[in-house]
Amino acid sequence: MNELIRDTARGIVKKLTNGEVTPFELLDLLEQRIAQLDGKLNALPVLCFDRARKHAETIMKRPVNERGPLGGLPLPIKDLTDVAGVRNTQGSPIFRDYVPARSDILVERLEESGAVVYARSNTSEFGAGANTFNDVFGPTLNPWNPSRSAAGSSGGAAVALATGMAWLAHGSDMGGSLRNPASFCSVVGLRPSIGRVAHTPKFKVDRTLGVPGPMARNVEDVALMLDAMSGEHLGDPLSLPKLPHSFLSAARSGKKPRRVAYSPDFGITPVDPEVAAITRLAAARLAEAGVIVEEAHPDFREAQDCFHVLRAFDFAVSKARLLRGHRDLLKPEVIWNIEEGLKLTVEQIERAEAQRLAMMSRAVDFFKEYDLLLSPATIVEPFPIDNRYVTECNGTRFDHYVDWVAIASAITLACCPALSLPCGFTSSGLPVGLQIVAAPRAEGNLLAGAKLLEDLLGVRDCTPIDPRERS
């Protein structure tokens, strides 16, 4: 295997800066790797190498010091976000042939930062449901065991990273859509604070459940990409200014948390006992570094009810017109969510917003006492690919298809940044991720703590992998 495939994103950027490799050589390498592997996995169903090479030519005409922090590094964009001149299906037959004329603010910023977009990563339909499959491109398979799910909805991005078809990848996260695939594929995914990454508003100016974020194979590479993505933009009224210090420097700072909390379930969800044991053991490793580790969590008692209402409201606002015009082309879970949203009363929305405010306030108070909160990133190991979602865990059956992601969606509601870090494998050889959470806008603390744990756990070098045979 070409050693460039196994290199870090930071290593590739250094080679680009030093002239040891060009974006064109990297694109050639990726094209070969995708041809070799992706027919087995379906992670990157839309390729745009001609566009990528044209953009690479533009970057290479600039002086080295003006090529941005990514310096010509290729990366894929999730198939929910517009890239000018490239199909954006959103995983829906409705948009099977849609080609946007203009890129999303997020893509424009990444390209200004030296990114070269060469592919679209597969997603679930409209990002709904934590299993990456759709009627346009089909399912994305987990490379650790292709009979299992890669989770969703950023499953294509996670699989591309795990198998060496990408060094960095764009993802997005509402109720774990970035964290769950990272956990299932043994890569790193970071859901930033609201406004940290500017993007083009659609349907509603102040939609705050879903945010874009970076994915990579290790913590420092995630920090590098967050630096390239972050900063305010006039086109996104919620966007935050760039911080004076980089996120990469924060990850490398060596800053150690004083006191952290661990919870297997936040008091709101069942969890597989093996997943709980693996994540608890990972959290305990911090004690070896002199960190106080205690079992505790904020009060998230309203999380399930609140997320159901606010998610349904978001689907009604963004997708009701599709239900009216294309009901026959929508998957059942999307129809259900839209219809639940259309049935909501003002009183239900008022109550849910008050619940979210209360949970956020409690989380802010919690982080006055604890530097970080740790938990499983997902409550089960990767589940069979033919299951649309998780219906049961540890003897508890779920009423709705979003209930199984409560350990992630509770953090969404609390407005906290969170990261999924590889922390081990189950007895069947499947990855487990540890969710690391920090106070709102405290990505620096989050990255420093995650880097410390990554070093302690020593699971950083297990990707990229060649996919196993389906069993």
Side-chain angles (χ1 to χ4, degrees), residues 9-10 12-13 16-17 23 48 51-52 54-86 88 100-121 127 154 157 166-173 178 189-202 205-208 210-216 220-251 417 441 443-444 447:
R10 287 164 290 114
I12 295 295
V13 170
L16 285 164
T17 302
C48 51
R51 181 186 185 279
K54 288 178 183 177
H55 183 61
E57 288 175 4
T58 301
I59 291 175
M60 293 300 285
K61 290 176 183 176
R62 305 176 196 160
V64 172
N65 62 351
E66 295 180 13
R67 293 176 187 172
L70 299 182
L73 181 75
L75 58 79
I77 298 294
K78 187 175 176 179
D79 194 22
L80 292 179
T81 299
D82 286 347
V83 178
V86 184
N88 178 14
R102 182 172 178 178
S103 293
D104 190 278
I105 288 169
L106 178 149
V107 175
E108 291 179 348
R109 171 152 286 156
L110 280 170
E111 291 187 329
E112 289 166 2
S113 297
V116 176
V117 177
Y118 64 92
R120 309 305 306 272
S121 59
S154 304
W167 291 279
L168 297 177
H170 156 252
S172 60
D173 188 302
L178 182 156
L190 192 157
R191 175 195 164 92
S193 300
I194 295 165
R196 183 65 71 202
V197 176
H199 62 284
T200 303
K202 291 185 178 179
V205 168
D206 59 344
R207 291 176 77 194
T208 60
V211 299
M215 302 178 73
E220 288 189 7
D221 283 356
V222 156
L224 170 72
M225 186 169 178
L226 185 59
D227 282 325
M229 301 172 83
S230 64
E232 65 183 334
H233 191 289
L234 290 177
D236 181 354
L238 300 185
S239 58
L240 300 172
K242 216 174 216 345
L243 296 175
H245 303 292
S246 73
F247 292 113
L248 183 55
S249 67
R441 301 191 182 181
E443 285 89 347
L447 288 161

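Predicted, not measured: the structure shown is a model, and the values here were computed from it.
- Ionic pairing of K202 and D82 is present here: one or more N-O contacts between side-chain nitrogen and carboxylate oxygen are shorter than 4.0 angstrom.
- Between F247 and D227, the shortest heavy-atom distance links the atoms N-OD1, 2.7 Å.
- Atom CD1 of I77 and atom CG of D104 lie 9.0 Å apart (nearest 0.5 Å).
- Across every non-hydrogen atom of L168 and A216, the tightest pair is CD2-CB, 3.7 Å.
- What you find for L70 and L110 is that their closest heavy atoms are CD1-CD2, 4.3 Å.
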Could you go through the side-chain contact (heavy atoms from CB on, under 4.5 Å) check for V197 and D236 one step at a time? CA-CA 9 Å; V197 176; D236 181 354; over 6 Å; no

Going through the checks in order, is the side-chain contact (heavy atoms from CB on, under 4.5 Å) test met by L73 and V116? CA-CA 6 Å; L73 181 75; V116 176; over 6 Å; no

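- Judged by distance alone, with hydrogens and angles left aside, the side-chain atoms of R191 form no donor-acceptor pair with the main-chain N or O of P417 at under 3.5 Å.
- Checking side-chain atoms of S239 against main-chain N and O of H233 turns up a donor-acceptor pair under 3.5 Å.
- Atom CD of E66 sits about 14.5 Å away from atom NZ of K61, to the nearest 0.5 Å.
- Scanning all heavy atoms of the two residues, the minimum distance from V13 to P69 falls at CG1-O, 3.4 Å.
- Of all heavy-atom pairs between R109 and A198, the closest is NH1-CB, 3.9 Å.
- Within the 3.5 Å criterion, the main-chain N or O of R62 finds a donor-acceptor partner in the side chain of R67.
- Under the rule for a side chain to side chain donor-acceptor pair (under 3.5 Å), the partners of E111 that lie at least two apart in sequence or sit in another chain are R51.
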Show your reasoning for whether side-chain contact (heavy atoms from CB on, under 4.5 Å) applies to S172 and T81. CA-CA 9 Å; S172 60; T81 299; 5.9 Å; no

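- Heavy atoms of other residues, nucleotides or ligands lying less than 6.0 angstrom from NZ of K54 number 12 at most.
- Here CG of L106 is found 11.0 Å from OG of S230. Values are rounded to the nearest 0.5 Å.
- Taken to the nearest 0.5 Å, the CG atom of D221 stands 8.5 Å off from the CG atom of L248.
- For R102, the CZ atom sits in a loose shell: 12 or fewer heavy atoms of surrounding residues, nucleotides or ligands are nearer than 6.0 Å.
- For the atom pair SG of C48 and NE2 of H55, the computed distance is 11.0 Å after rounding to the nearest 0.5 Å.
- Residue A157 comes nearest to H170 through the heavy atom pair CB-O, 3.7 Å, listed as atom of the first residue, atom of the second, then distance.
- Formation of a donor-acceptor pair under 3.5 Å by the R441 side chain with backbone atoms of L240 is not found in this model.
- We find the NZ-CZ distance between K242 and R196 to be 9.5 Å, quoted to the nearest 0.5 Å.
- For the pair L75/M225, a side-chain contact is recorded, criterion being any heavy-atom separation below 4.5 Å from C-beta on.
- Using a distance-only test at 3.5 Å, with no hydrogens or angles considered, no donor-acceptor pair links the side chain of S113 to the main chain of G68.
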Step by step, would you call L190 with L447 a side-chain contact (heavy atoms from CB on, under 4.5 Å)? CA-CA 9 Å; L190 192 157; L447 288 161; 3.6 Å; yes

